[in-house]
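All values below were derived from every heavy atom in this structure, side-chain atoms included, with hydrogens, water molecules and symmetry-related copies excluded. Naming: A, B, ... by sequence-line order, numbering from 1 per chain.
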Protein chains: 2
Amino acid sequence: MDDHEMLLLSNQVCFPTYAVANKILRRYQPLLKELGLTYTQYVTMMVLWERERVKEKDLVEALYLKANTLTDLLKKLERKGYVAVRRSALDKRSVEIVLTEAGRELKERAVSVPKTLAEEHWLTDEEIVQFKELLNKLLKGDWGK
Amino acid sequence: MDDHEMLLLSNQVCFPTYAVANKILRRYQPLLKELGLTYTQYVTMMVLWERERVKEKDLVEALYLKANTLTDLLKKLERKGYVAVRRSALDKRSVEIVLTEAGRELKERAVSVPKTLAEEHWLTDEEIVQFKELLNKLLKGDWGK
DNA sequence: ACAATTTATATCGGATGCGATATAATTACG
DNA sequence: CGTAATTATATCGCATCCGATATAAATTGT
């Protein structure tokens, strides 16, 4: 591949990944709006629904985000009453996030989101498996710090 | 799959897509900083390097973005001197974007970006083909408007 | 013990990205 | 022909994201 070709949009992997991520986000937004959640708030809640209680640090790892991105987001989730945020007693640098009763209740309503979207069959079951394997390889790779 | 499983982060397609897109963005940023471009400005310039001259409307389609996202971005690229933005004479609603000489020169320096990243081999050649096919199917799908 | 380093968050500023809404130009149509 | 509908942008406000930098607490090394 020569220099010219290297700069063609169609030869990039980054570009369609970025475009698909944006497109997925746009599809989720109207559904999440009914729950009063943004997309990042939604995936954050997903971790809480699985674990009930996590350190901010573990959340950062689980979501592949940076701590500063989560700081504000957690405050917003706290204002909405879905989580409690408190300094850990054991390690006063650390922050613990705990699911509240309201947060637990939200889960019941949230089920409709993956249900609705699963019915749209963007990919076949086999393609989904393939796609997730590739995405995982990219996520685990150590090229992005 | 029951309701509980449906809300596991590990069963989502959206989540790793979103995480990978963010990770890719983070990897590009330091390289693009040397060119004085942000990621979206970079992909916009890619279209210009291919076509020399486009309508804003066509740019919106090519980049899978919304017009309002591009309006500000184009002004910034214009301030940097890489493009000229003008109302079309034929259709005064429409805006034409034209690559400038400085924009053309930028291309020479930009080649280093895909070159550097290609050397990092995030995926094998075969996986890249597979991945792009899946991404394309998702991009072409009519579920996201 | 205690100075130096590391770790976990918080703050700030810059750049998106989008929906909702507004505006101006063009097209459709009765 | 003139009004209604459509199209292409522009504005505004909100919610991310991130890098750089700051701060406080814990850990390490001597």
Applying side chain to side chain donor-acceptor pair (under 3.5 Å) to A:Ser94 and not counting sequence neighbours gives none
Just call it for B:Leu65: base, sugar-phosphate, or nothing, with non-hydrogen atoms closer than 4.0 Å on any strand.
-> sugar-phosphate
Heavy-atom count around B:Glu5 CD within 6.0 Å, excluding the residue itself: above 12?
-> yes
Whole-Å distance between D:dT16 P and A:Leu63 CG?
-> 12 Å
Using a 4.0 Å heavy-atom cut-off across all strands, classify B:Thr38 as base, sugar-phosphate, or nothing.
-> sugar-phosphate
Mark up nucleotides 20-26 of chain D, 5' to 3', with B wherever a protein heavy atom is under 4.0 angstrom from a base atom, S wherever such an atom reaches only the sugar-phosphate, and - elsewhere.
-> B----BS
Minimum-distance nucleotide (side-chain atoms of B:Arg87 versus C:dT9, D:dT16, D:dT9) | D:dT9
Of A:Val95 and A:Asn22, whose closest DNA chain C nucleotide lies nearer the 5' terminus?
-> A:Val95
Taking OP1 and OP2 of C:dT11, is either one under 4.0 Å from a side-chain nitrogen or oxygen of A:Lys75?
-> yes
Can you check the A:Asp58 CG to C:dT7 C1' distance for me, whole Å?
-> 13 Å
Tell me: CZ of A:Arg26 to P of C:dA20, nearest whole Å?
-> 14 Å
Counting any heavy atom closer than 4.0 Å, what does A:Leu73 reach on the DNA or RNA strands: base, sugar-phosphate only, or nothing?
-> sugar-phosphate
Within the distance-only criterion (no hydrogens, no angle test), does the side chain of B:Lys80 pair as donor or acceptor with the backbone N or O of B:Gly36 below 3.5 angstrom?
-> yes
Choosing from C:dT9, C:dG19, D:dT16, which nucleotide comes nearest the side chain of A:Thr71?
-> C:dT9
Might you point out which heavy atoms bring B:Val113 and B:Leu32 nearest each other, and give the distance in Å?
-> CG2-CD2, 4.1 Å
Whole-Å distance separating the CG atom of A:Asp72 from the C1' atom of D:dA15 = 10 Å
Determine: side-chain N/O of B:Thr69 to OP1/OP2 of C:dC18, distance under 4.0 Å, yes or no.
-> yes
Please state how far atom NZ in A:Lys57 lies from atom P in C:dA8, giving the value in whole angstrom units.
-> 5 Å
Can you tell me how far C1' of C:dT11 sits from CG of A:Leu70, to the nearest Å?
-> 15 Å
Quick one: A:Lys66 NZ to C:dT16 C1', roughly how many Å, whole number?
-> 18 Å
Should we count NZ of B:Lys107 as having more than 12 external heavy atoms under 6.0 Å?
-> yes
Where does the angle between the aromatic ring planes of B:Tyr64 and A:Phe15 fall among parallel (under 30°), tilted (30 to 60°) and perpendicular (over 60°)?
-> tilted
Sugar-phosphate, base or nothing in reach of A:Thr40, heavy atoms under 4.0 Å = sugar-phosphate
For a side-chain contact (heavy atoms from CB on, under 4.5 Å) with B:Arg51, tell me which candidate from B:Val98, B:Asp58, B:Leu59, B:Leu99 qualifies.
-> B:Asp58
Between A:Tyr42 and A:Tyr28, what is the ring plane arrangement, given parallel below 30°, perpendicular above 60°, and tilted in between?
-> tilted
Against the side chain of A:Gln29, the closest entry in D:dT11, C:dG19, C:dT9 is C:dG19
Separation of atom CG in B:Leu32 from atom P in D:dG19, rounded to whole Å = 13 Å
